[in-house]
Protein chains: 12
Amino acid sequence: MQVLVLHGPNLNLLGTREPEVYGTLTLDQINVRLDAFAAERDLQLRMVQSNHEGVLIDAIHDARTWADGIVINPGGLTHTSIALRDAIAGVELPTIEVHLSNVYAREPFRHTSLISPVCRGVIGGLGWIGYRLALEALLDS
Amino acid sequence: MQVLVLHGPNLNLLGTREPEVYGTLTLDQINVRLDAFAAERDLQLRMVQSNHEGVLIDAIHDARTWADGIVINPGGLTHTSIALRDAIAGVELPTIEVHLSNVYAREPFRHTSLISPVCRGVIGGLGWIGYRLALEALLDS
Amino acid sequence: MQVLVLHGPNLNLLGTREPEVYGTLTLDQINVRLDAFAAERDLQLRMVQSNHEGVLIDAIHDARTWADGIVINPGGLTHTSIALRDAIAGVELPTIEVHLSNVYAREPFRHTSLISPVCRGVIGGLGWIGYRLALEALLDS
Amino acid sequence: MQVLVLHGPNLNLLGTREPEVYGTLTLDQINVRLDAFAAERDLQLRMVQSNHEGVLIDAIHDARTWADGIVINPGGLTHTSIALRDAIAGVELPTIEVHLSNVYAREPFRHTSLISPVCRGVIGGLGWIGYRLALEALLDS
Amino acid sequence: MQVLVLHGPNLNLLGTREPEVYGTLTLDQINVRLDAFAAERDLQLRMVQSNHEGVLIDAIHDARTWADGIVINPGGLTHTSIALRDAIAGVELPTIEVHLSNVYAREPFRHTSLISPVCRGVIGGLGWIGYRLALEALLDS
Amino acid sequence: MQVLVLHGPNLNLLGTREPEVYGTLTLDQINVRLDAFAAERDLQLRMVQSNHEGVLIDAIHDARTWADGIVINPGGLTHTSIALRDAIAGVELPTIEVHLSNVYAREPFRHTSLISPVCRGVIGGLGWIGYRLALEALLDS
Amino acid sequence: MQVLVLHGPNLNLLGTREPEVYGTLTLDQINVRLDAFAAERDLQLRMVQSNHEGVLIDAIHDARTWADGIVINPGGLTHTSIALRDAIAGVELPTIEVHLSNVYAREPFRHTSLISPVCRGVIGGLGWIGYRLALEALLDS
Amino acid sequence: MQVLVLHGPNLNLLGTREPEVYGTLTLDQINVRLDAFAAERDLQLRMVQSNHEGVLIDAIHDARTWADGIVINPGGLTHTSIALRDAIAGVELPTIEVHLSNVYAREPFRHTSLISPVCRGVIGGLGWIGYRLALEALLDS
Amino acid sequence: MQVLVLHGPNLNLLGTREPEVYGTLTLDQINVRLDAFAAERDLQLRMVQSNHEGVLIDAIHDARTWADGIVINPGGLTHTSIALRDAIAGVELPTIEVHLSNVYAREPFRHTSLISPVCRGVIGGLGWIGYRLALEALLDS
Amino acid sequence: MQVLVLHGPNLNLLGTREPEVYGTLTLDQINVRLDAFAAERDLQLRMVQSNHEGVLIDAIHDARTWADGIVINPGGLTHTSIALRDAIAGVELPTIEVHLSNVYAREPFRHTSLISPVCRGVIGGLGWIGYRLALEALLDS
Amino acid sequence: MQVLVLHGPNLNLLGTREPEVYGTLTLDQINVRLDAFAAERDLQLRMVQSNHEGVLIDAIHDARTWADGIVINPGGLTHTSIALRDAIAGVELPTIEVHLSNVYAREPFRHTSLISPVCRGVIGGLGWIGYRLALEALLDS
Amino acid sequence: MQVLVLHGPNLNLLGTREPEVYGTLTLDQINVRLDAFAAERDLQLRMVQSNHEGVLIDAIHDARTWADGIVINPGGLTHTSIALRDAIAGVELPTIEVHLSNVYAREPFRHTSLISPVCRGVIGGLGWIGYRLALEALLDS
């Protein structure tokens, strides 16, 4: 099984940015852990991080040609990007939305996701483990 | 590790109620699978299902004396019960909210959870596996 | 034809509570009249009144095993209980919502019913006769 | 007892218009059935259908001189016509609002009735029988 | 000076309709008083009452050919008719909106007028005298 | 008949402030005209202008001891002062609210008056004549 | 192909009413141009203009018996008439909504159309050419 | 004088639950203090605590037969339970609503009470003393 | 203990203003009763009443130099004055908000207090006794 | 005449993405048809598609140097991009907004366009023909 | 150049009031620094502080006779005073609004300024330096 | 001191775009003036302009390695970009938001900034001088 793991804007700051909210692991460290998890299963991952909405959309489009599913943490675009939503709806791959922090416990504008309605499921507030659980869910479905 | 698994109103109908939304497994079948999962880990589960808000609150209060965490699917109370929210906040046990269906893709009144802000995390839309992933998250934290 | 007649919170006060709003008949007197009406038709009624949301939900679930339809006056739960709504939607019995008073002419929070969208129909403002008309509607459908 | 039965805009399309929503009976067929029902009771009906708000208001005003009550299905004017509401309030005849479909289960703009607060009661979602039940309610009151 | 005096829906009920709100004068009596007032000034009035929005709009359009101003009590259309508003804006005659009752002290949906922004002024709550004051204002401007 | 004529904040700027909105007459000129009008009738006026909400409230309270009615242009306090509203309601003198400009055709925050519901009537958009018409209305009632 | 071209309230004022908004062509001139366009194609047009909502609804109902499509400029009814919407939905003819001005650039209450959701498409802001383009769209579909 | 003192959901956690919000006294300790206060006056108290809405409603109904007043801290039900509100309105006993914390300084959903409008008065933010003051108010009225 | 007792706008009308809402005691009578109460305790009171927001703010500022607490009935300013709120927050004296009437049972604009969030507690609906209870609460804290 | 034809995010998926919504033509096929149409008129087209908001803005800026008009389908950015709106307003070229689907009949968040108010006109719901009609409108204006 | 520097309600508390929000400088110290700055330029300042809205309005009116510009920190009146706004708009002097704290990062009711739309510019969150920068802006314009 | 000066979307159009709103200086001319100002102080500036949200975010991230502060004019992204907000919050450099025009006096959607709450301060409406004042503020802090 091939999975695209998409990290949205500002996730490259992980480990240094507001660690009390997002934890102390860097994005590279998370990716290494996910690859280790994938190695134990029949799972290949491609990680993409970008601060550019367009790059994320392009990556989702491209996934049509090779991926069996998507795990996406859309960062701040979660609440504002209809274009990203349309991209996910357009490629029709099973997609799971992940948030490191519990977005529902933060500012009101983080409580509404434009992405969730076109995803199979949502995992939030569980830190980096949320990514791993999302991969498990794709494997088990 | 001891975990209270709480199933809210109408979850006793699982398997017969709107299976296109909630799946074909009965609640007993889900509980059996969760017990099997728990048996592989150092994990003891107590399942409680009730259609009575008060019974759910009592169970949460009681958990202070024996549990290390809570997995809760509050059903329709998710969106209406401040009393349930206060119970979870009051016992200060790590709690993970689970929904079988993707509530964010359904009626607007299901998009807002009064429970999420007092939980550690939320898992939605992944069917019965969501419960298992929630247990994993409690184990890993 | 077997019908569950459900009376929600505070309906046990009928006859004494705000008679200018709800009339002077007691709940027992209404039930007697409904039984008299049923006796003239091929109709058996079971009346349940409770101030407990959970008891009402349990009764709806139980009706799957014996009833052909439900007449429900959800009282104040009309406007607040998604759990009750989900119960009605879950059992898939034809259900008619009844209100003694014209709820649309009272406080704004009584104008919205969470129950109506999952019922076959709604009858409001016609006093105890509304129950009888609801039974007729079930018989005629 | 003399009753004005008012059918609002587009009800002349009944039987052909969206039959999955409004049923397969034509308006004439419904009127015939209502006349048959009236014939069994001490009840005379005058039916009026119009797509013109003004004609409906004129008919309500006129009813002051001859009718003992009104049964009205205001169609799409239900949600928009304060003038119709004022007409009903102005003539002070007992009035019952009827909807063929369950308006509360349709688009949000159909959930609010400007007419209901000035009616004695409301019957919705029960098809043509709703008219008959409304007549019964007028007879019994 | 020639003035069109337009009375909207339900104003033909004046004197009998809710006299505690609208007063005990009939529309004819008001019109007679206004004609008497006009006779004292260089003022000719044409009164039109209709329950039909379209008739009111037609009368406004027609006024372009003969009138120097309009006094309008749009009744319930005040709050709902953009078509009436556009008619007033389209003919570009000085127009004064009159309400017999103090609409701002009644139901919230009567607090917003679609008509006021295209009128020169508004007079409300002063009973039939409001019409006379509106004529004075047209004369003095 | 004795009438208090109250001019609220910024009305002392009349004639110089935004004359395209408020006209070119100064407040003194308006007061002179109103006194001339009063001289023709059995009418005594006391004018008060203040930019201080408290002074306006004090003047209203004081009017209980000598006035038969109030004409008030509350200026910007129209939309914000519950205290002013309570003062008018508290003294129970017939009160008419006047605005020089058509407030309903200006910014949305000028469309809602906290004062109107406790006044007998409202006159807006007719310039200084609005004050004179308000006095007429008090005389005629 | 037979097409009903419906002009709603106030469109009879075209050419004289606010020409900076609606242009200088009269409705007759527009109709002549549309007939000329139709003459070049296999297209017969019937134009109806009315300020009466009911007349517009009647015309739509009538179109079921002879027309293959509808082009409608509902004027001010665009934003307020559920009855008109229901008429269009009820006859199930392909319908295109046209506005001469760019309604989305005007007052907020003109931004929402009750009609658009039941039309095949919408053309706005392009002046009289919008009607011609709507006819082309019907021909090409 | 006989008074029902009702403690709603989660108040059994007092002393352990978020003591910085609710104080360090247990519910039993508060009840003891209230009984001591009652002993000094001609006052008998019955305390009921429940996490079940239905139990609270039943207790209010029951109070009709023996109590002269009610002091209620509805906990989280304050903001969600119309059924509880209807119960209080239905029994027509003087009722005072008490909150330990200043609910108006907490989350927005705690700012609106469905209960307050049917109570004689409200006391909030004064800790356990609020109960005592409520009893005083009942004694003094 | 020294306490500032602040009476806001219109409270000088007490006893004459809408006695069915505010009671028949004059403000002087209330102040006399409060002084009598204070005389029994180690309590000195200074009463200030003003219809001027600025005077109330000045009095609050001044209280920093001599008072141990504040009891304030802000009248209509309760719902509109951020400046008053900031004054209370700025002086950091324990403050209790009192309302004679049950503001939560009146017009919607009286349901929201800008003052409550910066007070220790709120007492409403208990008439003049509310002031006495507020003093007790200050004494007991 | 030179026209920039801008296709926004996800339009590169056309033909494969939700064909029941967007049709079965690919973007290349649409562009070929538009070029064929342009060849018949004095019209040169440059097509740009991008999933990057910034690329679209850059293209609009660049058009100032060579284009006489713009046809834009902003895709999901329609509802979220003020930057795109400002770009169109900034270059002051006649611009027509096109949508393939009838956005007004879809999710509520698609009903509001930030782009429409700065365009000359809008065409929606007519499939690829909408682009052709937009070009005609530019030619005819 | 002559400038009125207006300090609104509660700014006299500076240095003692919530220093973590407003800083430790007293208002006098700020005024001294501003005078020092003015002494270096061709600038004369008059400072006015008041907790009375009316005094602030009077000062603004008075400035017409001597000042070339205004720097105003309206304090809590920023969000509530239309009268203050109208005063600024009425005198037509260039005005700059200053806030010591970053009001946009505080409670939601501080995010909206009624004053800003009638000012030339706004400076917020920069402490006392904001006043100095505002003076510079007036000098440079 | 090193400062990143970020110019958001469409600011490259300055001088040509709507000069009555944004002034006649080009962006290059503004940058030259800012460099001149910097040359007089111990200040080095790097200017970045982009129409790409992602480029702006990348530049902010990069600034962590070399800058002491940021001055940002986010253009249209001010009101829509949570990603930009998160970038500023993530790098924890003192940041000042600048707008050339008075955004609070323009369309309502420009009144809310997602950026302001994570900045130290905001300067708006003062033209290019706003940038210079922002630099001064950074120097002085």
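Labels below follow one simple rule: chain letters A, B, ... track the order of the sequence lines, proteins then strands, and each chain is numbered from 1.
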Exercise. Shortest non-hydrogen contact from J/Pro117 to G/Ala105?
Worked result: O-CB, 3.7 Å
Exercise. Between G/Leu138, G/Asp140, G/Ile123, which is the residue that forms a side-chain contact (heavy atoms from CB on, under 4.5 Å) with J/Leu126?
Worked result: G/Ile123
For this session: Would you sort out whether G/His111 and J/Thr112 count as a side-chain contact (heavy atoms from CB on, under 4.5 Å), showing the intermediate values?
Result: CA-CA 8 Å; G/His111 297 188; J/Thr112 303; over 6 Å; no
Exercise. For the candidates J/Glu97, J/Glu136, J/Arg106, J/His99, which exhibits the highest count of non-hydrogen atom pairs separated by less than 4.5 Å from chain G?
Worked result: J/Glu136
Exercise. Which region of J/Ile129, side chain (C-beta onward) or backbone (N, CA, C, O), has a non-hydrogen atom less than 4.5 Å from a non-hydrogen atom of chain G, or is it both or neither?
Worked result: side chain
Exercise. G/Tyr104 and side-chain contact (heavy atoms from CB on, under 4.5 Å): which partner among J/Val118, J/Ile115, J/Leu114, J/Val122?
Worked result: J/Val122
For this session: May I ask you to name which of G/Ala134, G/Gly121, G/Gly130 has the most heavy-atom pairs under 4.5 Å with chain J?
Result: G/Gly121
Problem set entry | Atom of J/Asn102, atom of G/Cys119 and distance for their closest heavy-atom approach | ND2-O, 2.9 Å
Exercise. Highest number of heavy-atom pairs under 4.5 Å with chain G: which of J/Gly125, J/Ser101, J/Ser113?
Worked result: J/Gly125
